[in-house]
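Reviewing the structure listed below.
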There are 2 protein chains.
Amino acid sequence: MQTIEELLESKNIRVTAMRLLIYKFLTEKQIAVTLSDIENAFEKADRTTLYRTVKTFEEKDIVHQIDDGTGITKYALCEKGCNCEIETDLHLHFHCNNCNETVCLTEHKIPQIKVPDGFVSENVNLVVKGICDKCSGQ
Amino acid sequence: MQTIEELLESKNIRVTAMRLLIYKFLTEKQIAVTLSDIENAFEKADRTTLYRTVKTFEEKDIVHQIDDGTGITKYALCEKGCNCEIETDLHLHFHCNNCNETVCLTEHKIPQIKVPDGFVSENVNLVVKGICDKCSGQ
DNA sequence: AAAATCAATGCAATGGAAGTGCAATTACTG
DNA sequence: CAGTAATTGCACTTCCATTGCATTGATTTT
């Protein structure tokens with residue numbers, strides 16, 4: 001079990017107060033968050049800083065970007081089983097039409113998608129929309 | 001074989017010169033187009049008109065919206081086999097990282113996606129990225 | 001056919017999100 | 001401790017989506 005400081009250092013990311021806070025925020029949220037979500041959580045910090053922090057995390061494969069079809073890019077921590085640095089990894093995300101939350105279903109692998117002759121598949125983005133477990137249970 | 005006029009009327013859309021032109025443009029393009037694409041094709045027309053025309057087509061299930069991950073929404077004509085009015089229809093689109101074009105692969109059905117207990121799947125958006133047939137053939 | 005009604009179009013403006021340049025600050029290195 | 005490099009904050013810019021309102025055009029009613 002390594003600390004957040006150790007994790008950042010192992011990824012060659014300079015440890016700053018801001019980065020620790022944002023990382024902590026991401027671990028607490030179990031869902032994918034937008035930049036605005038982070039912005040609302042840290043009203044003191046500048047939006048650009050948050051933007052660039054997340055971009056840094058993304059470059060270093062600490063978070064991955066999610067396009068769930070809402071038009072707003074979301075970010076989520078890469079967990080064990082999330083090999084998003086590998087181009088061919090299949091990202092499966094679930095977007096709830098009710099609560100508008102998006103979760104990563106990293107443990108749910110999806111089958112290989114066949115494409116017609118001549119097409120070369122490099123990456124797959126799969127977003128399932130519907131009602132999530134929290135909303136369907138009510 | 002029905003004319004465009006008849007098609008629009010059957011969908012309760014008033015026939016105007018603009019709408020006929022835009023529909024014709026969409027049939028000629030075999031790929032999904034952005035609003036800007038349409039704008040460039042009709043420089044005389046106002047952007048708002050084009051926007052609202054496409055939105056009207058979308059409401060009446062003449063075109064469907066595609067989110068291919070470029071951040072810009074694209075539109076494509078619904079063809080036979082494209083039952084996008086049906087919530088459970090699987091939209092499979094291919095986005096070429098080389099020429100930046102997006103095509104509908106309506107004839108390529110994808111397998112049922114399993115989601116964890118408690119989750120209810122209503123809709124699936126699947127975008128495959130890679131190199132399209134035109135670009136890979138070069 | 002003219003008047004009245006309703007939809008479609010064009011113009012102007014707004015809003016939201018992504019991204020950039022630069023100066024100031026903060027953290028590392030020798 | 002001085003110098004260097006990275007980080008942060010502020011001010012802008014850009015791009016696309018969207019809306020309000022006035023005007024034009026088409027359809028219906030009398």
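Atom set for the values below is all heavy atoms of this structure, side chains included, hydrogens, waters and symmetry mates excluded. So you know, we letter chains A, B, ... as the sequences are listed, proteins then strands, and number each from 1.
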If you look only at pairs with a residue in residues 36-46 of chain A, which of them pass as a side-chain hydrogen bond (donor to acceptor under 3.5 Å, both in side chains), with sequence neighbours excluded? A/Thr34-A/Asp37, A/Asp46-A/Thr48

Pairwise side-chain hydrogen bond (donor to acceptor under 3.5 Å, both in side chains) hits with a residue in residues 10-26 of chain A, at least two apart: A/Lys24-A/Glu28

List, one per line, each side-chain donor-acceptor pair under 3.5 Å for residues 52-59 of chain B, sequence neighbours excluded.
residue: B/Thr53; atom: OG1; partner: B/Thr49; partner atom: O; Å: 2.7
residue: B/Lys55; atom: NZ; partner: B/Glu58; partner atom: OE1; Å: 3.4
residue: B/Thr56; atom: OG1; partner: B/Arg52; partner atom: O; Å: 2.8

Spacing of [X] atom [atom1] relative to [N] atom [atom2], expressed in whole Å:
X	N	atom1	atom2	result
A/Lys74	C/dA17	NZ	C1'	14 Å
B/Tyr51	C/dA8	OH	P	15 Å
B/Arg47	C/dA13	CZ	P	17 Å
B/Leu8	C/dA7	CG	P	17 Å
A/Ile72	C/dG19	CD1	C1'	16 Å
B/Asp46	C/dA13	CG	C1'	12 Å

Do side-chain atoms of A/Ser121 reach the backbone of B/Gly130 as a donor and acceptor pair under 3.5 angstrom? no

With a cut-off of less than 4.0 Å, is there a side-chain N or O of A/Thr73 near OP1 or OP2 of C/dA18? yes

Is B/Thr49 near enough to C/dA8 that one of its side-chain N or O atoms lies under 4.0 angstrom from OP1 or OP2? no

Hey, could you give me the [atom1]/[atom2] distance between [X] and [Y], rounded to the nearest 0.5 Å?
X	Y	atom1	atom2	answer
B/Ile62	B/Leu8	CD1	CG	5.0 Å
B/Leu77	B/Leu26	CG	CG	4.5 Å
B/Asp68	B/Lys74	CG	NZ	4.0 Å

Describe the nucleic acid contact of B/Lys55 in one word from base, sugar-phosphate, nothing, applying a heavy-atom distance below 4.0 Å. sugar-phosphate

Hey, does A/Arg19 reach any base, or is it just sugar-phosphate, or nothing, if we go heavy atoms under 4.0 Å? sugar-phosphate

Does A/Thr53 or B/Leu35 map to a spot on DNA chain D nearer the 5' end, using the closest nucleotide for each? A/Thr53

Can you give me the first and the last nucleotide of DNA chain D (5' to 3') that has an atom within less than 4.0 angstrom of a non-hydrogen atom in chain A? D/dA6 to D/dA11

Sorted by chain and residue number, the salt bridge (Lys or Arg N to Asp or Glu O under 4.0 Å) partners of A/Lys129 (sequence neighbours excluded) come out as none

In the 5'-to-3' direction, what one-character label does each nucleotide of nucleotides 22-30 of chain C receive under the scheme B = base within less than 4.0 Å of a protein heavy atom, S = sugar-phosphate only, - = no such atom? B--------

Side chain to side chain contact (heavy atoms under 4.5 Å, CB included) with B/His95: of B/Ile66, B/Val103, B/Thr70, only one passes, and it is B/Thr70

